[in-house]
Number of protein chains: 4
Amino acid sequence: MPENEKLSAIKDRELVEKRRTQMVKGAMKLFKEKGFHRTTTREIAKEAGFSIGTLYEYIRKKEDVLFFVVDAIYDQVRSRLREAMDLQYAPAENLVKVTEAYFILMDEMQEEVLIMYQEVKSLNKESLDYVLQKERDMVDMLKNVIIDCLPQNLSTTDAELLANNIFVQGQMWGFRRWMLQKQFTLKEYIERQLTYLKYTLHIPI
Amino acid sequence: MPENEKLSAIKDRELVEKRRTQMVKGAMKLFKEKGFHRTTTREIAKEAGFSIGTLYEYIRKKEDVLFFVVDAIYDQVRSRLREAMDLQYAPAENLVKVTEAYFILMDEMQEEVLIMYQEVKSLNKESLDYVLQKERDMVDMLKNVIIDCLPQNLSTTDAELLANNIFVQGQMWGFRRWMLQKQFTLKEYIERQLTYLKYTLHIPI
Amino acid sequence: MPENEKLSAIKDRELVEKRRTQMVKGAMKLFKEKGFHRTTTREIAKEAGFSIGTLYEYIRKKEDVLFFVVDAIYDQVRSRLREAMDLQYAPAENLVKVTEAYFILMDEMQEEVLIMYQEVKSLNKESLDYVLQKERDMVDMLKNVIIDCLPQNLSTTDAELLANNIFVQGQMWGFRRWMLQKQFTLKEYIERQLTYLKYTLHIPI
Amino acid sequence: MPENEKLSAIKDRELVEKRRTQMVKGAMKLFKEKGFHRTTTREIAKEAGFSIGTLYEYIRKKEDVLFFVVDAIYDQVRSRLREAMDLQYAPAENLVKVTEAYFILMDEMQEEVLIMYQEVKSLNKESLDYVLQKERDMVDMLKNVIIDCLPQNLSTTDAELLANNIFVQGQMWGFRRWMLQKQFTLKEYIERQLTYLKYTLHIPI
DNA sequence: TATGAATGAGCATTCATTCAT
DNA sequence: AATGAATGAATGCTCATTCAT
């Protein structure tokens, strides 16, 4: 968020960070259980371990909590995705490793991803743009990994679309769990999706 | 909805149907604009063309409106998907036609699909199960079309997963429009996704 | 208030009138006791005899209550002032009678006048303009009565200023009661102020 | 204020004085802009140049700030009025000079006078009495000047009432500015009011 | 059947005041 | 003396739901 700084009346930056962490942790739990709209600011404050008055020393509006939560989720996903990309392999192997890591990550963060999908619309335009840019960045990371494996008949534009496909396939493991997780184990799911991807990219199985 | 019947105090079935149609139409418009939580029952009644008192003759809780809306969306998608499947072609051709039709449909119903994704969590367990069953049915329809084109190395389980992939790729055209619709026209999007699908299914381009 | 109509969600005009009367009566009592800011909307509703929800069916914001109260006060003053002017006397006599009536009126409405003086600043610009116009109208009424008694050396501009003087002298009987009402009875106060006025206008005592 | 001393926990009298001056200056500015109720203690502290904690070292309740502000206004008016009275003229001339000075003063202090009129009711009884006594003192000063010009047919009681009239006419220049300052310049206003006063007191023009 | 006035629990947000440092 | 983080009671306002007509 651009004017991150102005959001809090508290001067001690470290304290702000600490309280925000408490807040995000508490709010995340509640949002998972009942969604943003059904969670009250009082509940958030209580779950975070401080009073409603204190909560409002660190935010201006309830919506700010949502922003901090969504932002934290994105950061978490991104940092873990980066880790996976730091291990350098040969292009095809790298794609497999990164995709696997991403799918495993999405499995672990199912609830958080659901929050993003269902509540993001409650953010204001500015926060939304900010957050969507983070998503674009992550897709770009995936895209670059794909580009390294691109066969001659596919372009970087294809890489972009395929990155989106993988991205959404990772998310769908969580938000379609009622359908997918009855049919597949995570391992099976990953294997099959990777197989389809390899066919598409003409990578030998 | 299982106890569809109990929902309304009104006896005249036709009237009930008429009022529900009005209600769904009005509510859909409002949900598209501001989501379920931000829409009030008063607004729904007004948009539907009757009073708040009358609205409550046809529902018991605000949530019922959401159910009717989501149900109507599913029915709409399903019936249009059926139409597309009624035209019989050779298996591979059929898959292409049905997928194309589905993607075009998802393009037209972007807003409605967004409602489903974002508000479904507000349904109670019973309604949710009912609605998810409809989604399963539709995935099954797609799955069957895929099965007819399945190469030897893929199983019906793969068909199921691929059906899910297509299903979500259709939806993602709408809910990731901020990313996809800047890069692709609908036609391009469909062509590319079909190409990847063909590679996966070993259908010659 | 210009868009008086839009202020209420209730359709029955008569009921609106009735409820507003209740509301104004209750609010006036509370404002006299503790002022606008110290009075809560809940107290207003209770004093008016209905629930907080009902109160908000008849207003949009707390400030609207203040407007209705101030408006009612002005209307009351104006209508009683009109009555006094309807009795036709000779010019000088008329001025005396009207001024007397006005002072008596101000004595009776001390509390209400205090509300006007102390709370009017809480009205928004539009309401304030509307209300000040009413005050101008009343001053004009007084001015016209004075004009009929004007000696040669005074102009209509003087009449306007003298009208303002009388107007404020009437109000000051209430808001400076802690000083004036210890020294003078109302009768004495009126007599003396009239005497000074007669000297100024060269009316023989 | 009677227990002026008890109000602050700070021992150093000079410091107390300095802080109060800062506080009054800042609060006055804010009260002019938005009134007492709409100004928060935080804003007052900030405008005064210290922290909210420090503010509360020099007051006990928010209301105390109002008292200090009103008290300061009264002192300012009184001291300037005294200055004007120190220049000794002949009685009639003196009255004119003092009244002129008072009107000019009221013109300069319009905003402050408005604060007094509109917020004084928020003071507690004790502070109110204290403050009203100051107003009485000032009226007395004016009264004495009038007494020196009194014609035979008017008593000291008349002098008191006429002092009140002048007093309020000075204030009304500010609080009825929306009406008066469109019709008159300050000079015109003063001239006319003085003329009426002279007629009343039988002072030759 | 239809209406819409009434209700009040519930919510986000504010702000005077305190107190440990 | 000064600071500013913490508190929570208080408040304006909303809105799903009911029910008398």
Side-chain angles (χ1 to χ4, degrees), chain A residues 8-12 15-16 18-19 37-46 49-65, chain B residues 8-12 15-16 19 37-46 50-65, chain C residues 8-12 15-16 18-19 37-46 49-65, chain D residues 8-12 15-16 19 37-46 50-65:
Chain A
S8 171
I10 273 47
K11 302 189 175 177
D12 183 338
L15 186 57
V16 170
K18 182 182 155 199
R19 292 277 179 263
H37 281 102
R38 286 177 147 69
T39 301
T40 69
T41 51
R42 273 178 165 76
E43 289 171 320
I44 294 170
K46 191 173 182 189
F50 37 67
S51 71
I52 181 66
T54 299
L55 176 64
Y56 273 88
E57 293 285 328
Y58 296 90
I59 61 168
R60 272 175 318 193
K61 327 209 107 230
K62 187 188 174 193
E63 193 199 299
D64 293 338
V65 181
Chain B
S8 171
I10 299 332
K11 303 286 166 70
D12 183 341
L15 184 56
V16 170
R19 291 277 180 261
H37 281 102
R38 286 176 149 69
T39 301
T40 69
T41 51
R42 270 175 158 88
E43 289 171 320
I44 294 169
K46 191 173 182 189
F50 38 71
S51 72
I52 181 68
T54 300
L55 177 65
Y56 271 85
E57 293 291 328
Y58 296 91
I59 61 168
R60 273 173 319 189
K61 325 211 107 227
K62 187 188 174 192
E63 193 200 298
D64 294 339
V65 181
Chain C
S8 171
I10 273 48
K11 303 188 173 177
D12 182 339
L15 186 58
V16 170
K18 183 182 155 198
R19 293 275 178 266
H37 281 103
R38 285 177 148 70
T39 302
T40 70
T41 52
R42 275 175 166 78
E43 289 171 321
I44 295 169
K46 192 173 181 188
F50 36 67
S51 71
I52 180 67
T54 299
L55 175 64
Y56 273 89
E57 293 285 327
Y58 296 91
I59 60 168
R60 272 176 319 195
K61 325 209 110 230
K62 188 189 175 192
E63 194 199 298
D64 293 339
V65 180
Chain D
S8 171
I10 300 328
K11 305 285 168 69
D12 182 340
L15 185 55
V16 170
R19 292 278 180 260
H37 281 102
R38 285 177 150 69
T39 301
T40 69
T41 51
R42 271 175 159 87
E43 289 171 320
I44 294 169
K46 189 173 183 189
F50 38 71
S51 72
I52 181 67
T54 300
L55 177 64
Y56 272 86
E57 293 290 328
Y58 296 91
I59 61 170
R60 271 174 320 189
K61 324 212 109 226
K62 187 189 174 192
E63 194 200 297
D64 293 339
V65 180

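All chains are named by letter (A, B, ...) in the order of the sequence lines, taking the proteins before the strands, and each is independently numbered beginning at 1. Just so it is clear, the values below take in all heavy atoms, side chains as well, and ignore hydrogens, waters and symmetry mates.
- At whole-Å resolution of the value, CD1 in I44(C) and P in dG12(F) are 8 Å apart.
- Atoms CD1 and NZ, from I10(A) and K18(A) in turn, are 12.5 Å apart once rounded to the nearest 0.5 Å.
- Between H37(A) and H37(B), the ring planes lie parallel to each other; the angle is under 30°, not in the 30° to 60° tilted range.
- With values rounded to the nearest 0.5 angstrom, Y56(A) atom OH is found 8.0 Å from K61(A) atom NZ.
- Relative to the side chain of R19(B), the nucleotides dA1(F), dA5(F), dA2(E) differ in distance, and dA2(E) lies closest.
- By the side-chain contact (heavy atoms from CB on, under 4.5 Å) test, S51(C) is found to be paired with T54(C), residues two or more places apart in sequence or in another chain being considered.
- Distance CG/L55(C) to CZ/R42(C): 11.0 Å, rounded to 0.5 Å.
- Under the side-chain contact (heavy atoms from CB on, under 4.5 Å) test applied with S8(C), the options V16(C), L15(C), D64(C) reduce to a single match, V16(C).
- A distance of 10.0 Å separates OG1 of T40(C) from NZ of K46(C), quoted to the nearest 0.5 Å.
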- prompt: How does each nucleotide of nucleotides 14-21 of chain F score, in 5' to 3' order, for protein heavy atoms under 4.0 Å: base (B), sugar-phosphate only (S), or none (-)?
  reply: BSBBB---
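- To the nearest angstrom, P of dA2(E) lies 22 Å from CG of D12(C).
- With rounding to the nearest 0.5 Å, the separation of OG1 in T41(B) from CD in E43(B) is 8.5 Å.
- Comparing dT7(E), dT3(E), dA6(F) against the side chain of S51(C) picks out dT7(E) as the nearest.
- Rounded to whole Å, the distance from CD on E43(D) to C1' on dC15(E) is 10 Å.
- Nearer to the 5' terminus of DNA chain E, by closest-nucleotide assignment, is the contact made by I10(B) (compared with the other of K11(C) and I10(B)).
- Phosphate contact (OP1/OP2 of dA1(F), side-chain N/O of Y58(D), threshold under 4.0 Å): absent.
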query: Where does DNA chain F pair, written as one dot-bracket string 5' to 3', with Watson-Crick or G-U pairs under 3.5 Å, ( ) inside the strand, [ ] for crossing pairs and | for another strand?
result: .||||||||||||||||||||
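- Summarising the geometry, the separation between NZ on K46(B) and P on dT3(E) is reported as 14 Å, rounded to the nearest angstrom.
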